[in-house]
Amino acid sequence: MTAKVIDGKAFAATVRGQVAAHVARIKEERGITPGLAVVLVGEDPASQVYVRNKHASTIEVGMNSFEHRLSAETGEAELLALIDKLNADPAVHGILVQLPLPGHLNSELVINRIAPSKDVDGFHISNVGLLGTGQKSMVPCTPLGCLMMLRDHHGSLAGLNAVVVGRSNIVGKPMAQLLLGDSCTVTIAHSRTKDLAEVCRRADILVAAVGRPEMITGDMVRPGATVIDVGINRIERDGKAKLVGDVHYASAAAVAGAITPVPGGVGPMTIACLLANTLTACCRANGLPEPEGLTA
Ligand code: GUN
């Protein structure tokens with residue numbers, strides 16, 4: 001079997017188009033423009049690229065983008081004061097503090113200062129609790145993107161065996177909660193799991209989010225399974241820089257029914273879902289109906 005390739009780049013473009021259409025409608029009918037504030041502390045080069053891309057995508061779908069760049073030496077009180085200001089600003093519907101923060105800043109304290117209704121990353125402890133109890137919340141962007149791709153491919157996920165490899169707060173745990181919410185039978189596996197290959201082979205849906213290059217190989221994939229590769233690992237091969245996932249693509253694609261590539265799979269969905277979450281937050285703040293198909 002050769003797997004169907006799930007084109008995340010094309011799917012993300014469709015999601016951004018749906019967001020843009022909805023933004024245009026609420027601007028026209030209600031005079032409301034959704035706004036996203038992104039806070040970057042310091043000069044981490046990867047974070048600068050992410051923030052630039054987020055700004056460009058936000059503008060492209062017709063939203064307001066508010067960028068706040070602070071020096072690496074910014075103190076906690078100053079950062080918290082900025083978040084308080086953004087929390088109180090009615091033009092700001094979503095707030096994202098780019099991670100990682102410089103070491104002297106307490107990330108948990110900072111993230112939990114964001115108003116939960118504006119927490120478009122879904123990292124605030126209130127949103128984590130709401131998701132865990134099946135209540136309406138802001139959902140972390142990467143797992144939301146994975147869920148959208150899985151729903152698009154399978155229709156209903158009910159009754160399917162899902163194995164999530166990775167237990168991070170940003171991907172693994174919320175991914176498992178979302179799959180449970182869609183009535184999958186969910187296993188969370190990780191680096192200490194006994195006989196990981198055997199556990200993975202039970203999966204109709206296999207989500208790899210471990211951060212280890214090409215760790216999931218074809219022999220760990222059930223024939224016909226859907227494989228979602230969340231990993232983005234920069235490696236050097238044959239003297240060249242290369243981007244690979246947590247899945248060994250060639251061997252897995254020979255066995256799977258469907259698979260996301262790296263690059264061009266999950267990656268583009270993350271920013272698309274950030275925009276979707278900002279729109280959702282704006283609609284909730286203004287008592288408007290939520291955009292269909294763009295939430296969990
Ligand atoms: N840094 C890398 N990915 C992310 C993300 O999804 N959200 C935030 N806030 N920071 C990040």
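When a ligand or atom number is given, it counts from 1 through the structure's own listing order.
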message: Just to be sure I understand the cut-off, which residues have at least one non-hydrogen atom under 4.0 angstrom from an atom of ligand 1?
response: Leu96, Val97, Gln98, Leu99, Asp121, Phe123
query: Backbone N or O of Ala10 within a donor-acceptor pair of the Thr14 side chain at under 3.5 Å?
result: yes
- request: Identify which one of Leu294, Val61, Thr280 satisfies the side chain to side chain contact (heavy atoms under 4.5 Å, CB included) criterion when paired with Leu275.
  value: Val61
query: Going by side-chain heavy atoms closer than 4.5 Å, which hydrophobic residues are tied to Val221, directly or by a chain of links?
result: Val5, Val163, Val165, Leu196, Val199, Leu206, Val210, Met215, Ile216, Met220, Val227, Val247, Tyr249, Val255, Ile259
task: Determine whether Leu105 and Leu96 fall in the same hydrophobic cluster, where Ile, Leu, Val, Met, Phe, Trp and Tyr are linked whenever their side-chain heavy atoms lie under 4.5 Å apart.
output: no
- prompt: Between Ser117 and Met138, is a side-chain contact (heavy atoms from CB on, under 4.5 Å) present by the stated rule, with each step listed?
  reply: CA-CA 7 Å; Ser117 59; Met138 297 305 305; over 6 Å; no
message: Any carboxylate oxygen within less than 4.0 angstrom of a Lys/Arg side-chain nitrogen, looking at Arg237 and Glu214?
response: yes
